[in-house]
Amino acid sequence: CVACSLPFLFFCISLLFLFAVIHCPRVLLLRYSSAASYGYKRQVFMTRQHVGPKALGDMYDHLLAQTQQVADMVRAHEEFELLAEPALSTVLFRATNVRTNNAPTDLDELNKALRLEALTRGIAVLGETIVDGKTALKFTILNPCLTTADFESLLLKINTLAVELV
């Protein structure tokens, strides 16, 4: 599918950045050289030319809707806590329902280890950030070809890994 091609994913990242610049004035932006700025504008233009403005808009709308669906999945799992409502295509969450011999686990350390272990085992590339003093895992959803079943499977793998790490 056209949407799954590597150039499309690269351009989708550019589009999300453009949306953030326009709609999120509090986002800190780095200064770009004129050459980098030209390259970015060219990427957005070429994407629009390649897939068409309607298809590009539909793909972007799909990513935003999919982000909400993934947040709802996280909310529905008792093993996870959604730490913030999704912004653009980012879902912030953490593993919470993990205990060792009925003793509470340090959830911040667990989630830090979980992110690294998921990466080294090839399960997922998760971001890490802090939300209200809690270590959060971060999904950044940019591939419109993924399905909710893909994310359900990923959440199960992450939960299994969390249980294994305790």
Side-chain angles (χ1 to χ4, degrees), residues 1 3-4 6 8-30 47 55-166:
C1 101
C4 294
L6 187 59
F8 171 74
L9 293 177
F10 182 69
F11 293 131
C12 194
I13 292 168
S14 300
L15 184 63
L16 289 172
F17 180 75
L18 177 64
F19 183 81
V21 170
I22 293 169
H23 295 287
C24 301
R26 293 187 297 173
V27 173
L28 294 176
L29 301 174
L30 300 173
T47 300
L56 187 60
D58 290 346
M59 288 181 230
Y60 187 69
D61 290 342
H62 172 75
L63 288 173
L64 294 177
Q66 191 173 53
T67 301
Q68 291 297 325
Q69 291 171 346
V70 172
D72 291 341
M73 277 190 255
V74 169
R75 213 179 267 117
H77 276 273
E78 63 182 42
E79 298 88 3
F80 297 110
E81 174 186 10
L82 185 69
L83 293 176
E85 287 303 313
L88 294 177
S89 66
T90 301
V91 178
L92 301 173
F93 68 102
R94 71 180 184 156
T96 57
N97 198 17
V98 181
R99 296 179 177 272
T100 307
N101 300 327
N102 295 327
T105 303
D106 181 352
L107 293 177
D108 288 337
E109 291 304 314
L110 171 68
N111 282 282
K112 288 176 184 179
L114 183 56
R115 182 186 71 81
L116 290 173
E117 198 62 29
L119 178 65
T120 58
R121 292 189 189 187
I123 294 171
V125 178
L126 300 168
E128 179 183 318
T129 190
I130 304 293
V131 177
D132 296 329
K134 300 173 183 176
T135 299
L137 301 174
K138 179 169 51 174
F139 281 144
T140 303
I141 302 168
L142 297 173
N143 185 345
C145 295
L146 294 176
T147 65
T148 54
D150 294 323
F151 287 103
E152 188 67 41
S153 172
L154 183 57
L155 286 171
L156 290 174
K157 289 176 185 176
I158 291 170
N159 185 56
T160 300
L161 184 58
V163 170
E164 184 181 316
L165 289 175
V166 173

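Computed from a predicted structure; not experimentally measured.
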- request: Mind running salt bridge (charged side-chain N to carboxylate O under 4.0 Å, His left out) on Glu164 and Lys157 for me, showing each step along the way?
  value: CA-CA 10 Å; Glu164 184 181 316; Lys157 289 176 185 176; over 6 Å; no
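With hydrogens and angles ignored, the 3.5 Å screen pairs no side-chain donor or acceptor of Ser153 with any backbone N or O of Ala149. Between the Gln66 side chain and the Leu146 main chain, a donor and an acceptor come within less than 3.5 Å of each other. A donor-acceptor distance shorter than 3.5 angstrom exists from the side chain of Asn111 to the backbone of Ala95, with no hydrogens or angles considered.
When each of Val74, Leu83, Thr140, Leu137 is checked for a side-chain contact (heavy atoms from CB on, under 4.5 Å) with Val91, only Val74 meets the rule.
Remark: Thr147 engages Asp150 in a side-chain hydrogen bond (donor to acceptor under 3.5 Å, both in side chains) (not counting sequence neighbours).
Taken from NE2 in His77 to CG in Asn159, the straight-line distance is 8.0 Å, to the nearest 0.5 Å. The structure places CG of Asp72 at 11.0 Å from OG1 of Thr67, a figure rounded to the nearest 0.5 Å.
The shortest side-chain heavy-atom distance between Asp108 and Arg94 falls under the 4.5 Å cut-off. Within the 4.5 Å cutoff, side-chain heavy atoms of Glu85 are placed close to those of Arg75. A 4.5 Å side-chain heavy-atom check between Gln69 and Glu152 finds every atom pair outside the cut-off. In this structure the side chain of Leu165 reaches within 4.5 angstrom of the side chain of Glu117, judged on heavy atoms. A heavy-atom distance below 4.5 Å is not found between the side chains of Leu107 and Thr135.
Ring geometry for Phe139 versus Phe93: interplanar angle of 30 to 60°, hence tilted.
Within 6.0 Å of atom CD in Glu78, 12 or fewer heavy atoms from other residues, nucleotides or ligands are found, so the atom counts as exposed in its surroundings.
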